[in-house]
Amino acid sequence: MIHLANECDFNRNITDESELRICSLKRAYGLAVPFIQFFADDDGAIASVMDRVCTLYCASLPSDEWCEFLQMNGNIKVIHTNADIAAFLARRWGISHEKGCVLCRESLLSEKPLHEYNIHDVSLRDIYGVLSKTFCEFPSFDSWYVDASHRHRHGCCHIVTEKQNDQPISVAMTIAETEDMALIGCVATLPEHRGRGAASRCIHQLMGFLKQRRILISPSDAHSEGLYRKLGFLPYGTWGEVSLHETGG
């Protein structure tokens, strides 16, 4: 039976990208904040709901109870999970889905960071400028800033930048972290500075802050996947998303 998640539901060995996102969110904010809800069942499935996005982890395909819960919950517009579950939900509801691969690399102690962003170095607004010019669909600055600054202050987000004329031209940051794993996301370089290795250098430096954690990354296209494979990332899993607005709910 689905219930509000408690501390016991987070005593787990994290293996999945979605599971990492959920546990990182709980690590950063706890269970008591009003703008995030956590749910779980007795079989190890777990989910978070924040900003109308539900992140779902199930060891197998979700039960009928989970499918009904997801579809009937008015606070959910997007479901982020793995590719198999996204395809299953899409078939069940007659909608489309998106999917991609997740790559993994073990961080090494020999990798030492050269420079990490700090609040007195480059403003988050300048970093947001790089990200918003790279990604077509990106949150508003206010929404992104509240989350990124909170996680950075609480040690749940690392950010590395490469600068030119004291302005960031390339960014790499973690979007989920636990003690044992980290997910790198929001890797971006301004268009006029691409093709010169800035993103690779940022990622390599970022890995130096993550010590011996298992590092995941989800490439957005074949070009990005090739870049990450050159940095030692190997196939690990999948991600998938469905948008509930297609169901008419």
Side-chain angles (χ1 to χ4, degrees), residues 13-24 55 57 59 80-87 97-117 127 130-138 148 151 156-164 168-242:
N13 180 29
I14 301 171
T15 60
D16 180 88
E17 186 248 28
S18 297
E19 192 178 19
L20 171 59
R21 287 173 179 262
I22 297 165
C23 292
S24 173
T55 304
Y57 166 76
H80 182 95
T81 183
N82 65 42
D84 289 341
I85 293 176
H97 73 288
E98 298 181 5
K99 65 179 181 178
C101 67
V102 175
L103 306 178
C104 176
R105 201 198 127 150
E106 305 290 338
S107 185
L108 304 176
L109 285 177
S110 59
E111 295 171 329
K112 295 183 179 180
L114 302 179
H115 169 74
E116 188 195 13
Y117 161 83
I127 289 173
V130 177
L131 299 175
S132 61
K133 290 177 182 177
T134 302
F135 301 105
C136 296
E137 297 182 7
F138 204 71
R151 291 189 294 112
C156 298
C157 171
H158 288 81
I159 306 173
V160 166
T161 65
E162 180 159 306
K163 298 187 295 181
Q164 188 174 95
I169 62 169
S170 188
V171 177
M173 61 184 289
T174 56
I175 57 175
E177 288 190 30
T178 65
E179 292 182 358
D180 302 314
M181 297 183 75
L183 175 62
I184 294 178
C186 295
V187 179
T189 302
L190 292 175
E192 61 271 27
H193 296 284
R194 291 173 188 167
R196 304 173 189 172
S200 295
R201 289 189 292 273
C202 283
I203 293 170
H204 195 271
Q205 292 181 34
L206 182 57
M207 289 190 295
F209 288 97
L210 301 175
K211 304 186 187 298
Q212 289 184 302
R213 282 183 256 197
R214 178 174 292 172
I215 303 171
L216 305 185
I217 198 164
S218 304
S220 57
D221 51 43
H223 175 76
S224 298
E225 182 177 349
L227 167 66
Y228 301 144
R229 283 177 177 267
K230 289 180 181 179
L231 292 173
F233 287 86
L234 299 173
Y236 179 80
T238 63
W239 63 266
E241 284 190 355
V242 294

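Because the structure is predicted, anything quoted here is derived from the model rather than measured.
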**Request:** Report the residues that fulfil side chain to side chain contact (heavy atoms under 4.5 Å, CB included) with S220, sequence neighbours left out, ordered by chain and then residue number.
**Result:** S224
**Prompt:** Going from CG on N82 to CD on E19, what distance comes out if it is rounded to the nearest 0.5 angstrom?
**Reply:** 11.0 Å
**Request:** Kindly determine whether I127 and T161 satisfy side chain to side chain contact (heavy atoms under 4.5 Å, CB included), including the steps that lead there.
**Result:** CA-CA 8 Å; I127 289 173; T161 65; 3.9 Å; yes
**Message:** Can you confirm whether E98 is buried at CD, in the sense that more than 12 heavy atoms of other residues, nucleotides or ligands lie under 6.0 Å from that atom?
**Reply:** no
**Item:** Considering all heavy atoms, the nearest A199-V187 contact
**Value:** CB-CG1, 4.1 Å
**Prompt:** Which one of R151, M207, E177 satisfies the side chain to side chain contact (heavy atoms under 4.5 Å, CB included) criterion with H158?
**Reply:** E177
**Taking every non-hydrogen atom, the tightest pair across L103 and Y228** = CD1-CB, 3.8 Å
**Prompt:** According to the interplanar angle, ranging from 0 to 90°, do the rings of H80 and W239 count as parallel (below 30°), tilted (30 to 60°) or perpendicular (above 60°)?
**Reply:** parallel
**Prompt:** Okay, side chain of R105, backbone of L231: is any donor-acceptor separation there less than 3.5 Å?
**Reply:** yes
**Message:** Within this structure, what is the CE-CG distance for the pair M181 and L216, rounded to the nearest 0.5 Å?
**Reply:** 4.0 Å
**Prompt:** Between Y236 (side chain) and C101 (backbone), is there a donor-acceptor pair under 3.5 Å?
**Reply:** no
**Request:** Measure across A182 and L20 and return the closest heavy-atom pair with its distance rounded to 0.1 Å.
**Result:** C-CD2, 3.7 Å
**Asked** If you draw a 6.0 Å radius around CD in E179, do more than 12 non-hydrogen atoms from other residues or ligands fall strictly inside?
**Response** no
**Complete:** Taking every heavy atom of T134 against every heavy atom of A188, the minimum-distance pair comes out as OG1-CB, 3.3 Å
**Asked** Rounded to the nearest 0.5 Å, how far does NZ of K163 lie from CD1 of I169?
**Response** 11.0 Å
**Spatial distance of atom CD1 (I217) from atom CZ (R229) [nearest 0.5 Å]** = 12.5 Å
**Message:** Measuring from atom OG1 of T174 to atom CG of L210, what distance do you get when rounded to the nearest 0.5 angstrom?
**Reply:** 6.5 Å
**Minimum heavy-atom distance I175-R21, with the two atoms named** = CD1-NH2, 3.7 Å
**Message:** So, applying side chain to side chain contact (heavy atoms under 4.5 Å, CB included) with P168, which one of V130, L131, T189, V160 is it?
**Reply:** V130
**Contact summary for D16 and S18, nearest pair of heavy atoms** = OD2-N, 2.8 Å
**Message:** Would the distance check show the side chain of T81 and the main-chain N or O of E241 forming a donor-acceptor pair, the cut-off being under 3.5 Å?
**Reply:** no
**Item:** Worked verdict on I14 versus D180 for side chain to side chain contact (heavy atoms under 4.5 Å, CB included)
**Value:** CA-CA 9 Å; I14 301 171; D180 302 314; over 6 Å; no
